[in-house]
Amino acid sequence: MKNFELIKQGAEAKLYQGTYLGKPAIAKQRFAKKYRHPSLDSSLTKERITAENRALIRCKIAGIRTPAVYAVNLAENTIYMEHVLHSKTAKDLIEDYSRSNDHSRLQEFFYHIGKTVGKLHENNIIHGDLTSSNILVVSKHNPQTLENCNPSDLIIVPIDFGLSRIQSSAEDKGVDLYVLERALISTHSLAEESFEHFLSGYQAQYTNGSKEVLHKYDEIKLRGRKRVLIGI
Amino acid sequence: MVIALGFEGSANKLGIGVIKNGKVLSNCRRTYITPPGEGFLPKETAQHHRENVLIVLKEALEESQVKPEDIDVICYTKGPGMGAPLATVAVVARTVARLWNKPILGVNHCIGHIEMGRLITGANNPTVLYVSGGNTQVIAYARKKYRIFGETIDIAVGNCLDRFARVIKISNDPSPGYNIEQLAKKGSKLVQLPYCVKGMDVSFSGILSFMEEKTEQLLKEGYTPEDLCFSLQETIFAMLIETTERALAHCNSNEVLIVGGVGCNLRLQEMMGIMCNERNARLFATDERFCIDNGIMIAHAGAEMFAAGVRTKWQDSFITQRYRTDEVETVWRTD
C-alpha cells in the first residue's frame, strides 16, 4: 500500500486513499478486532472480505453502481477499489432535505433508494447492513456538484457489503428491509413518514418478487413487536 | 426534592429501594433461585415475590430511615416482564399508595436500567447496551426517545446463557450467568459456533440449538465444560460488541453504557473496554447492585418522571408484558 493515505477509520476497516494503476482508489483494510478471540476474528474477517467482493462483482454484473473492485490482497485483508469521487452519504443528504423541510425531495429520494434496493434483491443480493451511512449518492450529470441536486439526478451507490449474502429467500430480503427501516427511523426524524415511498420504489423495481418479500416483511415487523420478552 | 419508593419484580428478582434526589437510601433484593437444570416459571416466581415482598418492603424502609409520610411517589415496574410476577408486585405498590395516600407511577423496566446506569456512572449521552435474561438491545437517545438501534431477533442473550447452563446442569446460585463466567475463566479451547449478526441485530437461538445438540458430543471429543462456557461467551459477546460498535459509529457517539444483568459480566466489560479504547470512546458500567434488576432503578426513573410532571392515573396503573423502550417519551431529558 505505497502512497496510500489514511482517510477514515470505520468500525471494522481503515480506508486509505491513493491511486491504483493511475486511477483514484480506496484501499479498504480490515483490521483485527482485539476484543475478539484471534481465531474467531480471522475467520470472520476472511468471510467478510469474500462476501464483500462477491457482492460488489455481482452488483456490477447486475448494473448497480458500486465501487469497482481493482484488486484483493487476502494476506493484508485489503480490497483495492474505485474511489467514488464527489459523493455524499445518503445520511447527509437526508439531513439536508430534512433541515430545509423539503418533504417532496425527501420522498422522491426514498423512492429512488427503494428502486436500488429492489434491484439488489432482484439479483438475490442481500446487503445485510443497510443504513443511510452505507449508501452513497453521486450526481448523474454534473459530477462535480451535489448542491441542489434533484433526487432523479442522483445515482445511488450502495457500499459496505461485508455482511452480504447471495440468497434468494424472501425471509432474508424482508430482514434486509426491516434493518434499513429501523436504521432510518432511528437516525432521521422525517424517515417514518417517508418510508412508504421507499417501499413503492422497491415494488416498482422488483416487480416479480416484491409482493412475497413485503408479505414476509410485515410478518417480521410483527415479530419485532413481540420480542420484548423472555422465552422461558 | 423527590423521595421515591420503587418496586421491581418483572422476573426472578424482587427489589425495593428508596431514593432521595439521586441518592440511594436503600436497595434491597431477593432472588428466586431454581435448582440446576431448571428455569424460573411465572407461577412459582410470583409466589416467591408474594412471600417476600412485605419483608423486603419493611427492610427497604427501615434501612432508608424514611417514613411513609415523607415519600412523594410510589413507583412500580409496569413492564416488560413476566405477567404474574409483575402483577404481584404492582398490587402491593398500589396497596401502599392507597394506604399512604401517595401518587403512583408506572415505570418502563428498560428505562429504569438506562436512567440508573446514567446516574451511577455519570455517563451523559451514551450508546446503551442493555443485556439481560429477557432483553438484548442496543439503544441510543434521539429526539426525546430511547431508540432501539439493534436488538435480538429471537431470544435474549441472558436467556441463551441461562438455558445453556441448564444443558450442562450448572448451579443457578447466585445466577447461571455468574457461574458460566467463572467456568469460562478456566476454558481455553475455542469451539467454532454459529456467529449471527444481521446489521445491528443479533440472533442467539441458532447458537443455543447448536449447543443443545452438540454439547454431549463435544464433551466426548475432549472439550471440557469450561471450554464450552468460554467458547459461548467469546462468541456471543463478540456479537454484542460488534453491534454496539456499529451503533456507536453510526451515531458518532463516544460513550458506551452497559446495563442489565449480563452487564456485570467482567469479560463482557473487558471486551467492550478494548473496543472503546480503540475508538477513543469511554466505557461506563456498573456492578451487580445496579446492573441486576433492582428496585432503586425504578424509584430513580420514577423520580425523574415525577419531577418532570408525569403522572399515572389510578385506572392506568396496570401492568403489561410488552412495553418497548421506544414507547416512552423521555420528558425528563432536556437535550
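Numbers restart at 1 for each chain; the letters A, B, ... are given by sequence-line order, proteins then strands.
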**Study point:** Side chains of B:Arg147 and A:Arg182 in contact at under 4.5 Å (non-hydrogen atoms)
**Key:** no
Practice item. Could you tell me the separation between the NE2 atom of A:His37 and the CG atom of B:Leu190, rounded to the nearest 0.5 Å? Key: 4.5 Å
Exercise for review: With a 4.5 angstrom heavy-atom cut-off, could you sort out which part of A:Leu44 is near chain B: side chain, backbone, both or neither?
Suggested key: side chain
Check your understanding: Where on B:Phe230 is there a heavy atom nearer than 4.5 Å to chain A: the side chain, the backbone, both, or neither?
Key -> side chain
Exercise for review: Determine the sole option in B:Glu234, B:Glu242, B:Glu278, B:Glu245 for which the salt bridge (charged side-chain N to carboxylate O under 4.0 Å, His left out) test with A:Arg36 is passed.
Suggested key: B:Glu242
Review point. Using non-hydrogen atoms only, which part of A:Ser43 is less than 4.5 Å away from chain B: side chain, backbone, both, or neither?
Key: side chain
Review point. Side chain, backbone, both or neither: which part of B:Tyr195 has a non-hydrogen atom closer than 4.5 Å to chain A?
Key: side chain
Exercise for review: Please examine the side chains of A:Glu12 and B:Arg246, heavy atoms only from C-beta on, and report whether any two atoms are closer than 4.5 Å.
Suggested key: yes
**Study point:** Which portion of A:Leu163 sits near chain B, non-hydrogen atoms under 4.5 angstrom
**Key:** side chain
Point to revise | Rounded distance [0.5 Å steps], OH in A:Tyr178 versus CG in B:Asp201 | key: 7.0 Å
Review point. In this structure, are over 12 heavy atoms from other groups packed under 6.0 Å from A:Lys34 atom NZ?
Key: no
Exercise for review: Can you measure from CD (A:Gln9) to CZ (B:Arg279) and round to the nearest 0.5 angstrom?
Suggested key: 7.5 Å
Review point. In Å and rounded to the nearest 0.5 Å, what is the OH to OG1 distance from A:Tyr35 to B:Thr244?
Key: 8.5 Å
Practice item. Nearest 0.5 Å please: distance from the NZ atom of B:Lys198 over to the CG atom of A:Asp129. Key: 13.0 Å
**Study point:** Check: B:Met200 and A:Thr131 side chains under 4.5 Å, non-hydrogen atoms
**Key:** yes
Exercise for review: May I ask you to name which of B:Ile241, B:Thr136, B:Asp326 has the most heavy-atom pairs under 4.5 Å with chain A?
Suggested key: B:Ile241
Review point. Is the count of non-hydrogen atoms from other residues, nucleotides or ligands lying under 6.0 Å from A:Arg65 atom CZ greater than 12?
Key: yes
